[in-house]
Amino acid sequence: MFVSRSMTIKVVTIQPDATVLEAQELMAKHQIRHLPVIDGKDRLIGVVTDRDVRSVLPYDCYKNPDCAKEHEKVAGLKIKDIMVVEPLTISPSDTIQDALLLIQEKRVGAFPVVDDKGKLKGIISVRDLLRAFTNVLGIGEPGTLLCILVEEKIGQMKKIVDAITEEGISFGSILVARYWEEDKRAVFPYLLTQNISRVKKKLQKMGYTLLEPMDWYLDQLPKHE
Amino acid sequence: MTMKKTGFLFDQRYLLHDTGPYHPEVPERLQAIYQGIEDGGLIPKLRMIGAARADLKWVETVHSVDYIRRFEEVCFSGQRTMDSPDNRMCTETFETALLAVGGVLKTIDLVMQNEIDNAFCAVRPPGHHAEVSEAMGFCYFNNIAIAARYLQQQWNIPKIGIIDFDVHHGNGTQHIFEKDPSVFYYSIHQHPSFAYPGTGREFEKGSVDGYGFTKNTPVLPGQGDEDYRHYVNRDLIPAFDHFKPDMILVSTGFDGHRDDDMSDVKLSTRAFSWIMETIFQMAEDHSKGKLISILEGGYSLKRLPELARNHVQILLNEQVHP
């Protein structure tokens, strides 16, 4: 669950004396939006984003990197002139939950990952987090998702897990989401099977409500009056 | 309407693959299918075809030699499942799977020799989930994929169009042909976020040379007749008009029926007839009426008789009464 395990290690970086046009080229070539700026000793000294670059390049030049006249104007512009100094960073020993909450709070697309000596170790982006959570959902493996509505009280999950396990079915994942009714939870077991009709009937017989698939949501939505 | 010469592949030996208790893919499915066709008075009109054991060289056009050997060993060693607890088996399973493939290949020969125009292959075990080296979703050998390769290699048919209307996505068939522009795979199925096996999203369109030769239409839970009509007209018909298949193979699954509890799709019996009539017409347009339908899923023993009867009536070019 640590950032060090989910981050991108081969980071495309840039030096402070490089030009803005070089940064533009690098980002286009690697299809990335964030360039950590490092000194000669791999220490992070800033970050440049595609937005920073776009805001200093004239529009025509951004659309058409070959336009010579506009090039001259910005050719002298260096990364150190436009980079964000002291950018927000995250540590390799922080968790991906930390990264997720921080990305949401700070509204940025990526964090450079820096160790306690200030050295750049990697970069973690929204894309890396999505990959991690695709894995958590288990949807890389064949299976079937159910949604069971349960009352929020101790021991519910055990009953559900036991009932499904008795059928010889393995779990790809199991998620619990808040439901709009306060004392209810929506449980989403991802079952690694095609053979679901029997277990569905069994859960219903035990008194559980299986939510209709078109009523599922993982996000907590307000109740519509 | 000119009557068609229609073949019906059925064999008591297809009942020998025993999946044990509490499994939906049971021999009674085939009995229900046969019963429906017999009660409809259709048997005398059909060319009956019996099973035949497939030559392994044809199975190897799709599956790895290692996998075939492993399947045989697992089966004869008395193990009851393979690769996933879903794939329940008995000692007869390997032979039955070979008989299913062989029966389909024999049916192809009859079509290509103009003995028959089209056919319905009521085989077990089903095939469209089976991958090159993995059994999946009650499937061991990918019958329809082997059929496509056999048509190409034995009968020199260049372009094969596969239509899969089983309510589950045929991951195996898609993966086997995703890089191959000579086989177009079209599937309409319940949306993978709500149904097994979790593949068959709209953006899966094939890869490399085969990009654009795979097409998926995911259907949302609760959708039914009108939605299928819309999607088939929007996606399938133009795709095949463009691809112009020399031969059409169909993965027939009756599990999208509203009374089948394996899915949340709500098709009526009438809608299955409309789908098959549409495919029949596509075969008229593209492949001189040549068309082979191969059974995949469909688990409602109550509905299978009428669905199979209508299916065969359409192949015979008879009017189906709603």
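- Between B:Y196 and A:T193, the closest side-chain pair of non-hydrogen atoms is not below 4.5 Å.
- Residues A:E25 and A:K29 are not paired through a salt bridge, judged by the lack of any N-O separation under 4.0 Å between the basic side chain and the carboxylate.
- Two rings, from B:Y140 and B:H63, have their centers 6.0 Å or more apart.
- Heavy atoms of B:T81 lying under 4.5 Å from chain A are absent altogether.
- Note on B:G137, B:G297, B:G198: by heavy-atom pairs under 4.5 Å with chain A, the leading option is B:G137.
- Comparing A:L145, A:T144, A:N195 by how many heavy-atom pairs each has under 4.5 Å with chain B, the most go to A:N195.
- For the options B:F138, B:F194, B:Y22, heavy-atom pairs under 4.5 Å to chain A are most numerous at B:Y22.
- Note: A:R198 leads A:E212, A:M214, A:E141, A:R198 in heavy-atom pairs under 4.5 Å with chain B.
- Only the side chain of B:H168 has a heavy atom closer than 4.5 Å to any heavy atom of chain A.
- Ring centroid separation for the pair B:H189 and B:H169 comes in under the 6.0 Å cut-off.
- Within the 4.5 angstrom heavy-atom criterion, atoms from both the backbone and the side chain of B:D261 approach chain A.
- Rounded to the nearest 0.5 Å, atoms CD (B:E226) and CD (B:Q223) are 11.5 Å apart.
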